[in-house]
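Worksheet: one structure, shown below.
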Protein chains: 2
Amino acid sequence: MNRKNKATERPHVVVIGGGFAGLTFCKRLRGNCRVTLIDKQNHHLFQPLLYQVATAGLSAAEIAQPLRSILQNRPNVTCIMDEVTAIDRSARSIHLADGDELHYNWLVFAAGGRTSYFGHDQWAGRTLGLKTIDDALALRRRILSSFERAEITDDQEQRRKLMTMVVVGGGPTGVELAGALAELAKVIFRRDFRRIDTAQAQVLLIEGSDGVLESFPRKLRDSAADQLRKLGVQVHLGHRVTAIENDQVRFGDRIVESANIFWTAGIEAVPLTAQLGGEQDRAGRVVVRSDLTLPDDDRVLVLGDAARVQRGDGSLVPGIAPAAIQMGKFAARLISARLRGELAPMNFVYRDKGIMATIGRKAAVARIGRWQLSGPPAWLGWLFIHLLFLIGLRSKIIVVTQWVWAYLRYQRGARIIFGQDSEKSSAS
Amino acid sequence: MNRKNKATERPHVVVIGGGFAGLTFCKRLRGNCRVTLIDKQNHHLFQPLLYQVATAGLSAAEIAQPLRSILQNRPNVTCIMDEVTAIDRSARSIHLADGDELHYNWLVFAAGGRTSYFGHDQWAGRTLGLKTIDDALALRRRILSSFERAEITDDQEQRRKLMTMVVVGGGPTGVELAGALAELAKVIFRRDFRRIDTAQAQVLLIEGSDGVLESFPRKLRDSAADQLRKLGVQVHLGHRVTAIENDQVRFGDRIVESANIFWTAGIEAVPLTAQLGGEQDRAGRVVVRSDLTLPDDDRVLVLGDAARVQRGDGSLVPGIAPAAIQMGKFAARLISARLRGELAPMNFVYRDKGIMATIGRKAAVARIGRWQLSGPPAWLGWLFIHLLFLIGLRSKIIVVTQWVWAYLRYQRGARIIFGQDSEKSSAS
């Protein structure tokens with residue numbers, strides 16, 4: 001890419017990853033420089049609503065925006081859809097899959113995380129994760145196809161297996177997915193299907209610790225579990241999954257047959273992160289200084305799920321969107337200052353505005369500052385916040401339409417099966 | 001499916017295909033009977049807007065509705081998502097891929113059409129068609145990926161190939177696709193991409209006859225070609241495609257290099273149609289009597305693109321949505337009458353309410369009765385009609401939002417790449 005590598009006076013900032021951290025950085029950076037944003041996808045994904053795509057509430061395009069159009073009004077930002085294959089800090093350059101090499105003055109690493117199976121990589125093929133749009137569409141396809149097959153089979157055991165959904169992991173994604181699946185299977189499908197009794201559909205949530213939503217206050221954790229049970233989710237706490245075969249999950253002393261096994265239990269930094277050569281924790285996150293730079297290289301910043309950032313009290317900055325956005329803003333301030341020649345040290349301080357998770361219709365939990373909310377008020381707060389941060393007015397309008405409709409009509413717009421269900425299990 | 005095969009007094013009507021004809025039939029049929037609708041998909045697809053999904057204007061779920069929910073209020077209709085493998089008229093039964101056999105008193109065959117390559121089946125792998133949602137999403141993926149690759153390549157020839165789109169076939173689908181591609185590439189992409197000059201993007205429309213939209217009046221056919229040219233489409237008339245290699249189309253004495261070759265030139269009845277054992281024309285359509293039954297079997301009706309229906313003046317009923325809907329209504333009236341024991345002969349009469357095709361922003365042609373419209377009035381008429389017939393109020397609201405937005409902002413909501421581009425061409 002000669003044009004891009006052409007010698008130029010303007011410093012070059014290379015950003016890897018167009019998630020919350022990388023995108024916020026690109027929007028906030030000021031100063032005389034040129035920026036190259038590299039992402040494997042052509043879009044920014046609003047991760048917090050991904051489970052609604054998976055459960056047929058929203059379409060993919062409603063929570064994804066092309067990076068190019070989000071950054072249209074930032075003339076000094078160039079977007080490249082490509083994969084970074086290598087990072088060479090000694091040469092201050094990165095290598096792309098298409099063979100190009102980009103030199104940087106500053107590197108902002110915000111490549112994010114991916115599903116982690118804690119070393120059980122063979123489980124990857126036997127479960128479906130929920131990190132990308134393709135994951136979400138595959139999950140939706142699996143659920144809808146399973147119920148279609150349940151409708152036409154006469155084999156009771158087969159039918160039960162097809163109508164049983166297992167969510168492994170009780171974090172926000174697992175809780176939101178389990179709640180949405182319960183509503184989909186028991187409420188929305190009830191009028192869709194004639195031959196099967198959707199009341200017999202089962203949703204299991206399996207969590208290793210003693211409660212869901214580990215990062216929430218005890219009271220809200222218990223409330224979340226109760227609200228899930230009210231929706232008909234079987235919440236199994238204190239059980240680690242010990243084995244996953246095709247259509248079979250083993251936990252505690254139980255074996256559950258299911259054609260729909262979903263994994264939300266773990267997340268780890270993407271493999272590329274190791275290319276930074278910094279110290280990584282067990283989740284692959286890179287240990288950074290208080291200004292988010294590498295301990296031995298102030299030209300490289302690590303943001304978002306790729307960074308292990310310690311707070312004053314020793315706790316870690318959580319891997320949630322607000323934290324990633326704050327890191328993006330901080331990094332933009334830092335590099336803007338450096339571009340102006342200001343070398344005064346700066347420290348990233350995470351402002352904890354709270355955390356929230358939705359469970360279902362009028363069911364949610366939220367900690368906002370010191371307040372603890374659950375039920376309808378938390379749910380309304382969740383709707384409001386997530387709509388507020390959704391990028392693009394058109395998306396906001398359409399998502400509101402979908403939500404209002406879903407609320408009034410107990411319907412979901414995207415109950416459409418397309419693509420091939422990759423599933424190889426005996427249920428197919 | 002014991003329950004379904006269980007002996008019952010009520011006559012059983014089996015419907016194959018949930019397109020315009022089959023779905024309309026299921027909605028309109030009255031009388032004491034049970035109906036089983038079988039479709040390979042779980043949704044009804046609003047075909048006329050499929051090209052907008054392909055060109056990133058709409059999301060798949062916005063033009064597709066689950067058959068089950070459309071027919072929720074028809075308690076005697078059962079939907080089955082399965083594939084019909086065989087039809088046995090002597091036994092009055094059909095066989096399904098999952099092994100079941102369904103006996104019918106009446107069979108309504110409305111399985112529709114598929115892309116036809118006029119015997120050049122090897123072209124199927126070298127072009128993309130536009131008949132299903134998966135086709136549309138593959139086409140969108142191809143276009144967006146090609147421009148992303150064009151943005152990062154320095155090979156001028158490669159870039160030209162990636163930015164050249166060829167549409168083979170000047171029927172309504174070809175015209176609408178070519179127009180939408182020209183707007184997408186030249187107008188919408190202009191602000192998205194930085195390094196490529198989208199004005200250099202080329203859209204070719206290749207049509208074998210002496211004009212596009214063969215079924216339209218001469219004046220409108222010429223107007224449509226002019227409107228396409230105004231949008232920057234290179235319209236090549238009177239040329240048959242003689243060869244298609246990977247990334248290469250040969251027509252007349254020209255060879256065009258393109259990584260985006262789209263085929264809309266032909267349609268034929270699906271292979272299953274042959275199972276009816278009736279007389280078929282070259283397009284695989286079954287010759288039916290004036291009441292849409294098979295000449296030798298009044299228990300089998302053939303509707304939509306699968307039927308070859310002659311009109312009084314000897315012309316054929318066109319393969320368009322309004323005709324399929326009229327056939328569905330007629331078939332429902334006929335079988336309702338038979339269920340009441342009325343055996344009086346009935347004849348299907350196609351009421352030609354007109355035809356319309358859209359070309360782009362404020363560009364379209366329409367023949368309504370004797371009127372001939374082109375340009376903005378035809379375009380407004382097209383918008384109104386298509387919105388009117390789109391199933392589901394939610395879809396109507398969302399599609400209007402998308403259209404108004406696209407019109408005001410020159411943006412398209414669904415410019416999101418997901419899934420794998422299956423393309424094996426040298427451009428990848």
Query raised in the report: Looking only at heavy atoms, which two atoms of A/Asp100 and B/Ile152 are closest? And how far apart?
Result: OD2-O, 4.0 Å

Query raised in the report: Say you draw a straight line from CZ of B/Arg149 to CG of A/Asp98; how long is it, rounded to the nearest 0.5 Å?
Result: 11.0 Å

Report summary line: Checked B/Glu62, B/Gln65, B/Gln41, B/Gln402 vs chain A; the most non-hydrogen pairs under 4.5 Å come from B/Gln402

Query raised in the report: Would a 4.5 Å heavy-atom cut-off, applied to side chains only, mark A/Leu144 and B/Met81 as touching?
Result: no

Report summary line: Rounded to the nearest 0.5 angstrom, the OG-CG distance for B/Ser59 and A/Leu58 is 10.0 Å

**Report entry** Gap separating the CZ atom of A/Phe418 from the CG atom of B/Asp135, nearest 0.5 angstrom
**Finding:** 13.0 Å

Query raised in the report: Checking B/Asp192 against chain A: side chain, backbone, both or neither under 4.5 Å from a heavy atom?
Result: both

Query raised in the report: Side chain, backbone, both or neither: which part of B/Ser69 has a non-hydrogen atom closer than 4.5 Å to chain A?
Result: both

Query raised in the report: Is atom NZ of B/Lys40 surrounded by more than 12 heavy atoms (other residues, nucleotides or ligands) closer than 6.0 Å?
Result: no

Requested in this report: Specify which of B/Ile188, B/Asp82, B/Ile397, B/Leu67 makes the most heavy-atom pairs with chain A at under 4.5 Å.
Outcome: B/Ile397

Report summary line: chain A shares the most heavy-atom pairs under 4.5 Å, among B/Ser395, B/Cys79, B/Gly99, B/Pro75, with B/Pro75

Query - Interchain contact, B/Ala60 with chain A, by part (heavy-atom threshold 4.5 Å) - result: side chain

Query - B/Leu71 portion near chain A, given a 4.5 angstrom heavy-atom threshold - result: backbone

Requested in this report: For chain B, find which of A/Arg415, A/Glu148, A/Arg394 contributes the most heavy-atom pairs closer than 4.5 angstrom.
Outcome: A/Arg394

Query raised in the report: With no hydrogens and no angle check, is any side-chain donor or acceptor of A/Arg194 less than 3.5 Å from a backbone partner on B/Val77?
Result: yes

Report task. Would you mind telling me which of A/Thr401, A/Asp134, A/Leu45, A/Ile133 has the largest number of heavy-atom pairs within less than 4.5 Å of chain B? Result -> A/Asp134

Query raised in the report: What distance separates A/Phe147 CZ from B/Asn42 CG, expressed to the nearest 0.5 Å?
Result: 13.5 Å

